[in-house]
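For reference, the structure is listed below as structure tokens.
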Amino acid sequence: MEKAVALAPDSWMPGGEPDPLIRAKHGSIGASVPRIDGPLKVRGAAPFAAEFALDGMLYAALMFSTVPKGRISTLDTTQAEAAPGVALVMTYRNAPRMKPMPLFMTAEKAGGSDNLPIMQDERIHWNGQPIAVVLAQTQEQADHAVSLIRATYETEAAVTSFATAKAKGTEPGLFMGQPLKAEKGDAEAALAKAPVRVDCRYSTPRHNHNAIEPHAATVAWVGDILIVHDASQAVHHTAWSLGQIFGIAEEQVHVTSPFVGGGFGGKCLWQHQVLGAAASKLAGRPVRITLSREGVYRLIGGRTLTEQRFAIGAEPEGRFVSLIHTGTVATAPQNAFPEPFILPTMSSYGSPNIKLDVQTVHLDMLANTFMRAPGESVGSFAMESAIDEMAVALGMDPVELRVLNQPEEDPLKGTSFSARHIAEAWRTGAERFGWSKRNPTAASVRDGEWLVGMGCATATYPYHRMPGGAARITLTRDGGAKVEIAAHEMGMGTATAHTQVVADRLGLSRDQVTFAYGDSAFPGVVLAGGSQQTASIGASVIAAHHVLIRDLLKLAGNDSPLAGLSADEVGTLNGGLAKLDDPTRHESYVSILTRSGRDHIAAEGSASPPLETQHWSMHSFGALFCEIGVNSVTGETRVRRFLGSYDCGRILNPKTAASQFRGGIIMGLGLALMEETQFDERNGRVMNPSLAEYHVPVHLDVPEIDVIWTDIPDPRAPMGARGIGEIGITGVGAAVANAIFNATGKRIRDLPITLDKLL
Ligand code: MOS
């Protein structure tokens, strides 16, 4: 099937005929529109999941296990039950019967992060597993009552050390049913024969999700309808999965998520929504369940650790003859997410011989999960550090080495690139940053006690579009249009950018358009993940728009200037439809509705299957430049300047896009220099479950970040736009590490690059 799609004519594919909006020169797309939800957020009028106040609502607090594996032997809740304000304590003894969460990717709308029984028995599977829920009149009363519960455990031997797990042997990593493995030619033999070689090991630690908004849900049962006000990047997945868990129809679950304070892959379905719903059922009252910051660390998985080998064989003039990227990651037995660190190597460079392989081991720990640019963010650290090591070995400029090794076509699949303007991104970036002023000799530039260096790296992230997109467009006689789609606004500007797109698509002004999202009552299975939401929404709206034009023409009838035209012959213009090659044949939406005596027309359409991703190789790229200072006395690192030069297709809104890129880069600075979940290998306990001990960049850590882009539309993507949610974090770890090498002559291959590694 994949082969057939790759070989099929372009015209059969979605994107075969480029989206007409690519050609639009004037309009809303491309305008720096401020966030339309900005004023609401500033006034505190945007309701987040933990801000819905329901009548008779109880507050939940969770107790977490303190052992990694075994059984609860005693669980004394009597004091907690007698504490002030407590309505009930739920444990495995009285929790309603529920099925496990349907594990993500096992069905179209499966959204569960693990497949364990949820408070159904006395078994413990990870250190931090919830073992009791207290419901009380106030949060403080619930938190206090939890402290009164006494638990003892009968522990069992657990695997909590990575070395122990590896000693038992590794298994091939499977990602969406496919092995994370690829081979072309004989990479080991080519490496052995290569005139110039690097062959290095890199490691990256566990990372925790730290969205500004901790996870929360406000839950109520109204009769047999379950209402969940969630913080979600997957409302339909959550609704369907909760239906499966509680044995009710998908339509009996209503999930809303109007505002989300950051998702990054962490805000799908975890046990807290399920426990909140179960406790609410038991109490017969609405429940608000809000995780503390520690609760997020105990209950919500993050990025797992990786150990990677990256080897490159090259000819003396720099051309690669072998690329090897292999290694091992840890996952939990109850999930299926091996961090796919080989992804960046699949498309970044050409080589006749390539070998990629992700092996996994199982640890008794909280299920790990997606975290911004899973695979790419840590895989690009190894890949782009190794390229820098190769540039040093060859005595070549690292920008030139990267440009020299650009592939003509997809290095593994042989398919054509939809658009690839990375060389331009490198050129414009290098010029703007002043790369030519870099001293290629390491440890040779000083500024007082600071050693100063510059480094660069490639950023990369694929274009994704997942199946299931659909949207409804409603036009009303007052000239307004509403789009409804079960998509998500997690702070990145989705509502704003798509108001702009819909305005241009329908030939309306932005104030005539309402973009409604974040509700499982709306059409479309649209995951806000994989940087695919914009493409998915775009393709869904294109489909609904086709239906709308067809229905409007029918409604316009024979008395219209449009009479006799087919849907292919008309486009949208000035609040109505017009013949494409004769805009004088035009009728406004308002006129069509008025003449036909209708007050509105609604059209729903389903997006085409995302075959473009198999027919073309579709990826975004960036060229990153970093200037760093390392204090020669203290080992302290200061990022002095950073520039990201991106090639991500059309940029829909420069203002919100710049924030996306900057946010990703800042997260990448955390990955490079400070972020690390301290996991106690003796007992599987996370030891730094707070922002006091788990460090993320603060304002003083973040320098001037400059971002630019090519803005060249991708002819195969809706609106010409590839996603920009995740590419920002990719490559940043290596850009920083390479700058540190240039500054100090020290090559640090283990993240984070803390000062102890530089002294
Ligand atoms: Mo992203 S890690 O796919 O939300």
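We count ligands from 1, going down the list as the structure has it; atoms in each ligand are counted the same way.
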* For atom 3 (O) of ligand 1, state which one of G530, G723, G725 supplies the nearest heavy atom. =>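 Comparing heavy atoms across G530, G723, G725, the nearest one to atom 3 (O) of ligand 1 lies in G530.
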
* Run down the list R372, Q533, E726 and name the one with the heavy atom closest to atom 1 (Mo) of ligand 1. =>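 Answer by nearest heavy atom: E726.
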
* **Geometric cation-pi criterion R288 and F52, 6.0 Å radius, 45° cone** =>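 Pair R288/F52 does not count as cation-pi.
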
* To do: Report the part of Q233 (side chain from C-beta onward, or backbone N, CA, C, O) that has a heavy atom under 4.0 Å from ligand 1; answer both or neither where that applies.
  =>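 The side chain, only.
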
* Please state which part of S531 comes within less than 4.0 Å of ligand 1, counting heavy atoms only: side chain, backbone, both or neither. =>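 Neither part.
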
* **Donor on one side chain, acceptor on other, Y694 and E675, under 3.5 Å** =>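 Yes, E675 and Y694 have a side-chain donor paired with an acceptor closer than 3.5 Å.
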
* Short N/O distance, under 3.5 Å, between G265 and ligand 1? ->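 Checking ligand 1 against G265, an N or O pair does fall under 3.5 Å apart.
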
* Would you say the side-chain atoms of E384 pair up with the backbone N or O of S380, donor to acceptor, closer than 3.5 Å? ->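 Here the side-chain-to-backbone pair does not exist.
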
* Any G263 heavy atom less than 4.0 Å from ligand 1 ->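 Judged by the 4.0 Å heavy-atom criterion, G263 does not count as contacting ligand 1.
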
* Return the minimal non-hydrogen interatomic distance between A46 and K41, and the atom names on each side. =>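 A46 and K41 have their closest heavy atoms at CB-CG, 3.9 Å.
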
* Can the ring centroids of Y202 and F310 be said to lie less than 6.0 angstrom from one another? ->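 No: the rings miss the under 6.0 Å criterion.
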
